[in-house]
Amino acid sequence: MIDKKIRIYPDPVLRKVAVEVEEIDGYIKELISVMFEVMKAGNGIGLAAPQIGVDKRVIVVSIDEKGFERLALINPVIDYFSDKLSTMEEGCLSVPGIRADVKRPSKIVVSGITRSGRKVSIETGGLLARVIQHEIDHLNGVLFIDKLSEKEKRKISKDLDELVNSQKIGENLT
Ligand code: NI
């Protein structure tokens, strides 16, 4: 059984480097369907396996663009980042209630393996490139709040402290 509970910052599982998937077996297929379900329930547009406590290199993405409504990538690797950067506001199901501007490369080429075991390489920009970079960061224990300018950090610091405190209270209750 795969736990459907979203892990919330500062849960240490969010800081682990996830391990590569060696075989797309029943467990990985189940993991992917649970991830789609959890992402949809949370109204997210992306989710990485560590966010439900699984340290495997698997991400799912769902954006309103043909062919990318239900994309799962196993062992994704970014092969190219553009020099050109763009800024977009990001949020994260593991950092609820907090949004901030993040600067990232505008375009990427990402490769990985789909659910059906097909190797793919996707050249993309805009929202899809943004979400994929955010989710792959999760596989390396990196969160969007790590990538903020000093100004953005200051803007969210109070809310982030409150989130950490609320998680501590939750721990004491269980
Ligand atoms: Ni996230």
Side-chain angles (χ1 to χ4, degrees), residues 2-21 28 31-65 68-78 81 85-108 110-112 114-115 122 124-149 152-153 155-167 170:
I2 296 166
D3 195 354
K4 293 177 183 168
K5 191 172 138 268
I6 294 182
R7 302 303 188 92
I8 305 295
Y9 177 83
D11 190 317
V13 76
L14 298 170
R15 293 308 194 182
K16 278 174 81 174
V17 175
V19 297
E20 287 214 347
V21 172
I28 295 298
L31 172 65
I32 289 170
S33 49
V34 168
M35 286 171 67
F36 275 120
E37 189 187 324
V38 169
M39 173 175 63
K40 200 173 170 215
N43 289 318
I45 55 173
L47 193 79
Q51 292 183 272
I52 51 168
V54 176
D55 69 336
K56 298 277 185 197
R57 301 190 79 82
V58 179
I59 65 170
V60 295
V61 169
S62 175
I63 65 161
D64 190 17
E65 194 176 307
F68 300 110
E69 297 93 345
R70 239 177 115 81
L71 172 71
L73 279 180
I74 298 160
N75 300 337
V77 174
I78 298 179
F81 294 96
L85 305 175
S86 61
T87 300
M88 220 184 263
E89 193 184 62
E90 294 188 20
C92 179
L93 293 175
S94 294
V95 192
I98 293 175
R99 300 188 68 84
D101 285 343
V102 184
K103 205 184 255 188
R104 297 184 186 271
S106 314
K107 289 184 177 175
I108 57 165
V110 62
S111 58
T114 65
R115 259 168 299 185
I122 302 162
T124 187
L127 183 62
L128 184 60
R130 170 73 43 172
V131 182
I132 288 172
Q133 291 178 77
H134 176 118
E135 301 313 331
I136 292 177
D137 274 352
H138 274 298
L139 303 181
N140 296 320
V142 174
L143 300 172
F144 82 99
I145 52 174
D146 305 334
K147 314 196 89 138
L148 306 182
S149 66
E152 289 295 292
K153 267 185 199 154
K155 226 170 71 181
I156 66 154
S157 74
K158 194 165 158 272
D159 289 341
L160 200 58
D161 287 347
E162 274 173 20
L163 178 63
V164 171
N165 286 332
S166 72
Q167 290 306 108

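Each ligand, and each atom within it, is numbered from 1 in the order the structure gives.
With hydrogens and angles left out, the side-chain atoms of Q51 and S94 include a donor and acceptor closer than 3.5 Å.
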Per-pair distances, 0.1 Å, donor-acceptor, side chain in residues 5-13, under 3.5 Å, sequence neighbours excluded:
{"residue": "R7", "atom": "NH1", "partner": "D11", "partner atom": "OD2", "Å": "3.1"}
{"residue": "D11", "atom": "OD1", "partner": "V13", "partner atom": "N", "Å": "3.0"}

Side-chain donor-acceptor pairs of residues 31-44 under 3.5 Å, sequence neighbours excluded:
{"residue": "S33", "atom": "OG", "partner": "K29", "partner atom": "O", "Å": "3.3"}
{"residue": "S33", "atom": "OG", "partner": "E30", "partner atom": "O", "Å": "3.1"}
{"residue": "E37", "atom": "OE2", "partner": "K4", "partner atom": "NZ", "Å": "3.1"}

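Distances from the Ni ion (ligand 1) under 2.8 Å pick out these protein N/O/S atoms: C92 SG, H134 NE2, H138 NE2.
Applying the salt bridge (charged side-chain N to carboxylate O under 4.0 Å, His left out) test to pairs two or more places apart or on separate chains, those with a residue in residues 127-143 are E90-R130, R104-D137, D137-K147.
Scanning all heavy atoms of the two residues, the minimum distance from V21 to K56 falls at CG2-CB, 4.2 Å.
Using modelled atom types, no side-chain atom of T87 and backbone atom of D101 make a donor-acceptor pair closer than 3.5 Å.
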